[in-house]
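As structure tokens, the structure follows; a few thoughts come after it.
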Amino acid sequence: MSARAPLRSETRTMTYLEGISDGLRTEMRRDPSVLLMGEDIGGEFGGAFKVTRGFEAEFGPDRVINTPMTELAFIGAATGMALMGLRPVIEVQFADFISTGFDAIAQYAATTHYRWGAPVPWVIRAPADGGIRSGPFHSQNPEAWFVHTPGLKVVAPGTPADAKGLLLAAIRDNNPVIYFESKPLYRSLRGEVPSGDESVPIGKARVARQGHDVTVITYGEMVRQALEAARQVQPDISTEVIDLRTLKPLDHQTVLASARRTGRVVVVHAANRMAGIGAEIAAELSESAFEYLDAPITRIGGLDIPVPFSPPLEDAYRPGATNIATAIRSTASF
């Protein structure tokens with residue numbers, strides 16, 4: 001008798017934001033040690049983007065904690081809570097503000113397990129990325145800061161299903177995890193999301209689209225842009241799109257396998273191009289797949305300037321499907 005395939009949850013169509021909210025609610029119902037912290041996350045306000053609207057009514061003010069505007073203080077407090085056996089999920093209203101809590105993250109939480117073997121099971125939810133005309137203080141993509149910090153895990157979901165599944169995995173992980181949410185996807189991207197508590201493993205990339213001519217490697221909202229670019233260049237060019245999902249630990253195996261298969265690579269991220277994730281991937285592929293490459297690796301990223309307020313200038317600053325399609329054609333024709 002053949003083995004039966006594992007049962008999977010039924011799915012529901014959700015937005016990216018609803019996937020995050022459902023993940024939080026699922027885990028809070030499952031595990032009473034999970035609590036939320038952040039500015040204005042309680043009551044009917046439910047946070048700047050309404051992810052936690054109604055949570056305080058269900059879980060109470062002891063588990064949905066409104067904090068002062070002091071990221072360093074409440075991230076430090078969450079680190080202490082995690083050391084005492086709780087699992088805090090911290091919302092910083094915008095990823096840009098995470099810099100004010102950098103000391104608690106990089107100097108303390110990230111080094112604790114190395115220093116004395118203790119787990120620090122907290123998650124920081126960091127709404128990142130531009131495209132919503134919010135200017136330089138509400139549009140940044142600071143993921144490279146944390147990928148460079150030993151002791152942290154960094155995830156960046158690009159679909160509603162991964163928004164939920166990676167959040168479940170992050171909360172259950174005993175390491176501190178920075179969870180970057182892509183604001184442009186909140187209400188504009190819909191997809192099927194498992195209704196149960198199926199997590200998505202941290203450290204495993206996804207082949208979002210199969211192809212054999214060029215590989216595009218990306219994450220977050222740029223996955224959607226890369227898929228649109230792949231549609232623009234077909235049928236002339238068959239484009240494979242790799243959704244990293246996790247930035248640290250990086251799934252080198254999936255990235256390397258795709259690069260060897262196609263021989264041509266474009267790496268894309270919304271963050272500033274200089275010293276971004278794309279530079280790390282390009283360096284790794286140059287070391288590990290050089291003999292398989294038929295063209296130089298192309299990197300696409302945001303311009304090395306603050307994010308502009310002006311909509312036309314932000315559109316010029318930020319990569320999109322048109323830029324990616326141009327890079328795919330150039331790489332394919334090299």
*Would you kindly confirm whether Val64 and Met81 end up in one hydrophobic cluster when ILVMFWY residues are joined by side chain heavy atoms under 4.5 Å apart?*
no
*Below 4.5 Å, heavy atoms only, C-beta onward: do Ile297 and Arg264 meet side chain to side chain?*
no
*Can you check whether Ile217 reaches Leu285 side chain to side chain, under 4.5 Å on heavy atoms?*
yes
*Is the backbone N or O of Tyr219 less than 3.5 Å from a side-chain atom of Arg245, with the two atoms forming a donor-acceptor pair by type?*
no
*Given side chain to side chain contact (heavy atoms under 4.5 Å, CB included), test Leu35 with Val89 step by step and report yes or no.*
CA-CA 6 Å; Leu35 58 88; Val89 180; over 6 Å; no
*Consider only side-chain heavy atoms of I, L, V, M, F, W and Y, link residues closer than 4.5 Å, and tell whether Tyr292 and Val214 are in one cluster.*
no
*Crowded around Tyr108 OH? As in, over 12 foreign heavy atoms under 6.0 Å?*
no
*Any side-chain heavy-atom pair from Trp122 and Ile171 closer than 4.5 angstrom?*
no
*For the residue pair Ile300 and Pro319, what are the closest heavy atoms and their distance?*
CG2-CB, 3.7 Å
*In the single-linkage hydrophobic clustering (I, L, V, M, F, W, Y; side-chain heavy atoms under 4.5 Å), do Val34 and Ile202 co-cluster?*
yes
*Do side-chain atoms of Lys248 reach the backbone of Val147 as a donor and acceptor pair under 3.5 angstrom?*
yes
*Just wondering, are more than 12 heavy atoms of other shown residues or ligands nearer than 6.0 Å to CZ in Phe45?*
yes
*Taking Tyr16 for the side chain and Pro157 for the main chain, is one N or O donor matched with an acceptor at less than 3.5 Å?*
yes
*Got Glu71 and Phe102 here, is their nearest side-chain heavy-atom distance under 4.5 Å?*
no
_Can you tell me how far apart CG (Leu244) and CE (Met222) are? Round to the nearest 0.5 Å._
13.5 Å
*What is the minimum heavy-atom distance between Pro194 and Asp22, and which atoms define it?*
O-OD2, 4.4 Å
*With respect to Arg87, which candidate in Pro119, Pro32, Pro121 satisfies the side-chain contact (heavy atoms from CB on, under 4.5 Å) definition?*
Pro121
*Chi angles and distances behind the side-chain hydrogen bond (donor to acceptor under 3.5 Å, both in side chains) call for Thr331, Thr298*: CA-CA 7 Å; Thr331 302; Thr298 300; 3.1 Å; yes
*Answer yes or no: are there more than 12 heavy-atom neighbours, outside Gln234 itself, under 6.0 Å from its atom CD?*
yes
*Can you check salt bridge (charged side-chain N to carboxylate O under 4.0 Å, His left out) on Arg133 and Asp315, steps first, answer last?*
CA-CA 10 Å; Arg133 315 314 190 192; Asp315 289 342; 3.0 Å; yes
*Asp304/Arg273 ion pair, N-O < 4.0 Å*: no
_Strictly distance-based, threshold 3.5 Å: is any side-chain N or O of Asn66 a donor or acceptor partner for the main-chain N or O of Ile41?_
yes
*asked:* With a 3.5 Å distance limit and no angle check, can you tell me whether Thr254 reaches the backbone of Asp251 through a side-chain donor-acceptor pair?
replied: no
*Indicate if Leu189 and Val155 have the same hydrophobic cluster label, given that clusters are the connected sets of ILVMFWY residues with side-chain heavy-atom separations under 4.5 angstrom.*
yes
*asked:* Walk me through whether Thr13 and Glu192 qualify under side-chain hydrogen bond (donor to acceptor under 3.5 Å, both in side chains).
replied: CA-CA 4 Å; Thr13 301; Glu192 293 300 305; 2.3 Å; yes
*Heavy atoms, side chains only, cut-off 4.5 Å: are Tyr317 and Asn272 in contact?*
yes
*Is Trp145 reachable from Tyr179 through a run of hydrophobic residues whose side-chain heavy atoms are each under 4.5 Å from the next?*
no
*Short question: side chain of Arg329, backbone of Ile237 - any donor-acceptor pair under 3.5 Å?*
no
*State, yes or no, whether a side-chain contact exists between His269 and Asn141 at a heavy-atom distance under 4.5 Å.*
no
*So, Ser199 side chain and Gly165 main chain: donor-acceptor pair closer than 3.5 Å or not?*
no
*Distance from Lys164 atom NZ to Arg25 atom CZ, nearest 0.5 Å?*
10.5 Å
*Expected output: side-chain Glu221 to main-chain Ser182 donor-acceptor under 3.5 Å*: no
*Applying salt bridge (charged side-chain N to carboxylate O under 4.0 Å, His left out), run through Asp197 and Arg172 and close with a yes or a no.*
CA-CA 11 Å; Asp197 65 352; Arg172 296 170 188 176; 3.7 Å; yes
_Would the distance check show the side chain of Asp31 and the main-chain N or O of Met28 forming a donor-acceptor pair, the cut-off being under 3.5 Å?_
no
*Heavy atoms, side chains only, cut-off 4.5 Å: are Ile105 and Ile98 in contact?*
yes
*Do the rings of Phe49 and Phe94 sit parallel, tilted or perpendicular, given the 30° and 60° boundaries?*
perpendicular
*Side-chain contact test, heavy atoms from C-beta onward, threshold under 4.5 Å: evaluate it for Ile90 versus Arg125 and give yes or no.*
no
*asked:* Using the rule given for side-chain hydrogen bond (donor to acceptor under 3.5 Å, both in side chains), can you reason through Thr215 versus Glu240, listing the C-alpha separation, both sets of side-chain angles and the distance that settles it, and then say yes or no?
replied: CA-CA 5 Å; Thr215 295; Glu240 182 150 294; 4.6 Å; no
_Other residues, nucleotides, ligands: >12 heavy atoms within 6.0 Å of Glu228 CD_ = yes
_Side-chain (Ser195) to main-chain (Glu10) donor-acceptor, under 3.5 angstrom_ = yes
